[in-house]
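Notes follow once the structure below has been shown.
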Amino acid sequence: MPASESLCPAEATPMRIRPLSAPLGAEIDGVNLSQPLPLSAFAEIERAWRERLVLVIRDQRLSDPELIAFSRNWGELDPPGPNPYGAPFLPEHPEVNVISNVVEDGKPIGNLGAGEAVWHADMTYIDRPPKAAILHALEIPPSGGNTYFADMFAAYDALGADMKSRIQGRIAIHDASLNSAGQLRRGYEPVTDVRQTRGARHPLVRTDAVTGRKALFLGRRTNSYILDMELAESEALLDALWAHAGNMRFAMSHEWRRGDVLIWNNLSVLHRRDPFDPTARRVMHRTQIKGEEAVR
Ligand code: SIN
């Protein structure tokens, strides 16, 4: 996608969209997400999101109602999935998830702690997973906690013909019991047999409803299982697919600054996060946009 520039009337400054020098991602500036966006500006942002899959918008200061209002441009919001503690982090805004390592008065204010969050897509353990996720950085540690995004269209395209035909039409279970930090969600037992894993079943190859492009759709590795396959064969095939999907040749990395807003195409990218110093504070607020039905 070529860089583009257009006037955003709410700002009276040009909004610029510039592809990152990575296989995916674009940075947008000249836009203030706390203000209502003209339809034409939103249409450009959405087009860039479809083409580049991850958008980076710096220097925003969004309250939760502003984050929610901006998110609603994208569609209906999905409430966050169950967390390990059994109650929404922000009862006054239950559609907002908090990603944080901070503990206040003995209670975590958010999810995922300070460890690594392994490669995953958000909430694919439900039948209609979110099409987009929007993450706003409110507090950032001095180092660490970078987030990586990998393009699953490119990962699918790079598979050999044999592998493509081996996975076409195959369905995998996407585990609902563990979050990406490996914590057990409230209401779930540890999985002892992956053939019984609780969570949605999705095709390994997902066809984008708008563009018709095919993407690998893996969700998360732990406790996954490919239906109607010998267990050992399913494990070996999933290991091979995950080793391929997490290759950095399909990926971009993001070093966070306070005020960043990242918007990603959750159905066609995976993301993972580096660990960071647990004594430093990292606080992010996230919304999720309900996804469309998959084309099978
Ligand atoms: C997430 O999985 O949504 C969290 C990513 C991050 O903490 O950077």
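All heavy atoms count here, side chains included; hydrogens, waters and symmetry mates do not. Just so you know, ligand 1 is whichever comes first in the structure, and atom 1 is the first atom listed for that ligand.
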Counting from 1 in the order shown, the ligand 1 atoms closer than 4.0 Å to a non-hydrogen atom of H120 are 2 (O)
Judged by heavy atoms only, the candidate from H271, R272, Q288, R273 nearest atom 1 (C) of ligand 1 is H271
For atom 4 (C) of ligand 1, the closest protein heavy atom turns out to be L112 CD1, 3.8 Å
> Would a distance-only check, ignoring hydrogens and angles, find a side-chain to backbone donor-acceptor pair under 3.5 Å from R52 to R50?
Replying inline: no
Closer than 4.0 angstrom: is that true for some heavy atom of R282 and an atom of ligand 1?
yes
The side chain to side chain contact (heavy atoms under 4.5 Å, CB included) partner of Q288 among L135, L77, N97 is N97
task: For H271 and N266, run side chain to side chain donor-acceptor pair (under 3.5 Å): C-alpha distance rounded to whole Å, both residues' side-chain angles, the deciding distance at 0.1 Å, then the answer.
output: CA-CA 9 Å; H271 58 283; N266 186 55; 4.7 Å; no
ask   = Using 4.0 Å as the upper bound for N to carboxylate O, is an ion pair formed by R221 and D239?
value = yes
- Task: Begin with the C-alpha distance, continue with both residues' side-chain angles, and end with the deciding distance and a verdict on salt bridge (Lys or Arg N to Asp or Glu O under 4.0 Å) for R213 and D157.
- Result: CA-CA 9 Å; R213 282 189 77 189; D157 290 345; 2.9 Å; yes
- Query: Under 3.5 Å, is there a donor-acceptor pair between the side chain of H202 and the main chain of F217?
  - Reply: no
Ligand 1 atoms nearer than 4.0 angstrom to some heavy atom of T147 are 6 (C), 8 (O)
re atom 5 (C) of ligand 1, the protein heavy-atom contact at minimum distance is L135 CD2, 3.9 Å
for atom 3 (O) of ligand 1, nearest protein heavy atom and its distance come out as R286 NH1, 2.7 Å
